Amino acid sequence: MDRRLPELPEVEVTRRQLRAALCGRRIRAVHTAGAGQFFVTRPRTLRQKLPDRTVLRLRRHGKYLIGELDDGSRLVLHLGMTGQLFTADPGVRYRGRGELQVAPEQRPRPLDVHTHLCIEFRDGGPEVRFRDVRKFGRVLLLDAGQTDARLDKLGVDALSARGKQLFAASRKRRTAVKTLLLNQSVLAGIGNIYADEALHQCGIRPTRAAGRLSRADCEQLVEIIRAVMRDSIRLGGTTVSDFINPEGRDGSFQRCLQVYAREGEPCWTCGAEIRRIVLGQRSTHFCPHCQRR
DNA sequence: ATCTGTCCCTGGACGC
DNA sequence: TGCGTCCAGGGACAGA
């Protein structure tokens with residue numbers, strides 16, 4: 001299975017690849033499969049409201065993709081852990097037992113079990129599909145002017161963050177710096193891989209109390225976070241798997257990972273054994289020699 | 001206000 | 001071979 005572990009760089013790569021396939025095309029119909037927490041907005045509502053709309057712009061904030069529609073509403077997508085957005089020819093069928101809820105004259109339109117959303121366009125061109133094996137992803141449609149807590153509470157996007165913002169947010173925080181980096185209301189977009197990688201490059205131990213970081217620490221850390229993410233975007237993100245996705249190219253940043261998923265292996269900088277601990281219920285990897293600060 | 005633990009969900013790895 | 005168990009992860013939520 002293709003696991004892209006979507007953090008900011010992977011979502012940004014997805015945004016860039018999807019932009020042309022989504023923007024400026026009038027929606028004909030929306031097909032949904034299944035229900036549950038994946039659909040924050042009820043599937044029926046999506047099927048009713050999206051037809052005849054056009055996505056004008058595709059933005060990103062942290063790990064959220066936000067499609068701005070021509071009536072002022074917003075289609076908000078989160079890839080969760082295993083979410084994949086891709087295009088596919090309308091005629092392409094998938095194996096599996098997923099049953100789509102579609103107009104009677106179009107039945108059946110089988111997709112694979114894990115494809116929950118399919119957007120069809122009036123021009124008859126490729127559809128945009130949202131597949132998510134573990135259903136940690138989210139789909140919601142916000143009416144014009146409607147706000148949503150999960151977007152409102154996001155901090156500044158990590159790609160444009162400044163050190164002073166992390167410094168301000170970290171004051172009087174006793175939580176580990178790694179845990180603070182994963183907090184999306186501080187800096188938006190950092191996930192487990194890039195938090196570990198950035199802390200390693202910065203020489204900061206993940207368990208360090210956030211409140212004990214100096215202003216200079218924060219400035220250096222944010223600079224490194226931005227650099228790591230820029231590099232990853234350039235390389236197409238991180239793909240953890242040997243599976244080749246038929247719809248798209250895999251990223252190659254996984255070859256640059258210094259500590260993530262390298263427990264017991266030697267640090268490439270000093271040769272010490274990479275250690276793995278658990279912080280905030282998340283696995284955390286670091287070099288005990290290089291990361292002493 | 002902040003922090004911790006639990007839950008959601010599935011496929012892959014692993015042990016017997 | 002096949003079954004059971006554990007684990008990974010982002011984020012919402014409840015409770016401390």
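Because the structure is a prediction, the values reported are computed rather than measured. All chains are named by letter (A, B, ...) in the order of the sequence lines, taking the proteins before the strands, and each is independently numbered beginning at 1.
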Give a yes/no on whether any side-chain N or O of A:Lys63 is located under 4.0 angstrom from OP1 or OP2 of C:dG11.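 So the side chain of A:Lys63 is within the cut-off, an N or O lying under 4.0 Å from OP1 or OP2 of C:dG11.
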Less than 4.0 angstrom between a side-chain N/O of A:Tyr260 and OP1 or OP2 of C:dA8, yes or no?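 So the side-chain polar atoms of A:Tyr260 never come under 4.0 Å of the phosphate oxygens OP1 or OP2 of C:dA8.
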A:Phe38 near the nucleic acid: base, sugar-phosphate alone, or nothing, with a heavy-atom cut-off under 4.0 Å?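 No contact at all - A:Phe38 keeps every heavy atom at 4.0 Å or more from the nucleic acid.
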Answer with base, sugar-phosphate or nothing: what part of the nucleic acid does A:Gly36 contact at a heavy-atom distance below 4.0 Å?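 Here A:Gly36 touches no strand at all.
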At how many degrees, to 10°, do the end axes of the helix from B:dT2-C:dA16 to B:dC16-C:dG2 meet when each uses five pairs?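 What I find for the helix from B:dT2-C:dA16 to B:dC16-C:dG2 is an axis angle of 50°.
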Do the side chains of A:Ile225 and A:Val156 join up, straight or via other hydrophobic residues, at under 4.5 Å, putting them in one cluster?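 Linked within one cluster.
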Is there a donor N/O on one and an acceptor N/O on the other, under 3.5 Å, for the side chain of A:Arg134 and the base of C:dA8?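 Yes.
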side-chain contact (heavy atoms from CB on, under 4.5 Å) against [X], all qualifying residues, sequence neighbours excluded:
X: A:Ile277; value: A:Thr207, A:Arg275, A:Leu279, A:Thr284, A:Phe286
X: A:Glu12; value: A:Arg15, A:Arg16, A:Arg60, A:Ile233
X: A:His200; value: A:Gln258, A:Val259, A:Cys267, A:Thr269, A:Cys287, A:Cys290, A:Gln291
X: A:Lys49; value: A:Thr45, A:Leu141, A:Asp143

Taking A:Arg53 first and then A:Asp70, would you say they form a salt bridge - that is, a charged N and a carboxylate O separated by under 4.0 Å?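 A salt bridge is present here (some side-chain N lies under 4.0 Å from a carboxylate O).
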Could you go through residues 62-69 of chain A and list every donor-acceptor pair under 3.5 Å that involves a side-chain atom there, pairing it with any protein atom two or more places apart or in another chain?
| unit_1 | atom_1 | unit_2 | atom_2 | d |
| --- | --- | --- | --- | --- |
| A:Lys63 | NZ | A:Ile190 | O | 3.3 |
| A:Glu68 | OE1 | A:Arg57 | NE | 3.1 |
| A:Glu68 | OE2 | A:Arg59 | NE | 2.6 |

[X] [atom1] to [N] [atom2]: how many Å, rounded?
X: A:His116; N: B:dC9; atom1: NE2; atom2: P; answer: 11 Å
X: A:Leu154; N: C:dG11; atom1: CG; atom2: C1'; answer: 11 Å
X: A:His114; N: B:dC8; atom1: NE2; atom2: C1'; answer: 16 Å
X: A:Arg131; N: B:dT10; atom1: CZ; atom2: C1'; answer: 11 Å
X: A:His78; N: C:dG9; atom1: NE2; atom2: P; answer: 15 Å
X: A:Asn192; N: C:dG11; atom1: CG; atom2: P; answer: 11 Å
X: A:Asp132; N: B:dT10; atom1: CG; atom2: P; answer: 10 Å
X: A:Lys135; N: B:dC8; atom1: NZ; atom2: C1'; answer: 11 Å

Could I get the full list of ring pair (Phe, Tyr, Trp, His ring centres under 6.0 Å) partners for A:Phe130, not counting sequence neighbours?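 With sequence neighbours excluded, A:Phe130 shows a ring pair (Phe, Tyr, Trp, His ring centres under 6.0 Å) to A:Phe38, given in chain and number order.
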For DNA chain B, determine which residues of residues 273-288 of chain A have any heavy atom closer than 4.0 angstrom to one of its atoms, and list them numerically.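 Only A:Gln281 qualify.
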Members of residues 168-178 of chain A that approach DNA chain B, where some heavy atom sits under 4.0 Å away: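 Here the set is A:Arg173, A:Arg174, A:Thr175.
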Any ring pair (Phe, Tyr, Trp, His ring centres under 6.0 Å) involving residues 134-153 of chain A? Give me the pairs, sequence neighbours left out, ordered by first then second residue.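 Those involving residues 134-153 of chain A do not exist here.
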Return each pair, listed once, that meets ring pair (Phe, Tyr, Trp, His ring centres under 6.0 Å) where at least one residue sits in residues 151-175 of chain A; pairs must be two or more places apart or across chains.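 Of all non-adjacent pairs touching residues 151-175 of chain A, none passes ring pair (Phe, Tyr, Trp, His ring centres under 6.0 Å).
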Does CZ in A:Arg171 sit with more than 12 non-hydrogen atoms of other residues, nucleotides or ligands closer than 6.0 Å?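 Yes, enclosed.
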Whether A:Phe136 stacks on the six-membered ring of C:dG10 base, 5.5 Å and 30° limits: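 Here the ring of A:Phe136 and the base of C:dG10 are stacked, with centres under 5.5 Å and planes under 30°.
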For A:Arg262, which residues count as a salt bridge (charged side-chain N to carboxylate O under 4.0 Å, His left out) partner, sequence neighbours excluded?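 For A:Arg262, the residues satisfying salt bridge (charged side-chain N to carboxylate O under 4.0 Å, His left out) (neighbours in sequence not counted) are A:Glu265.
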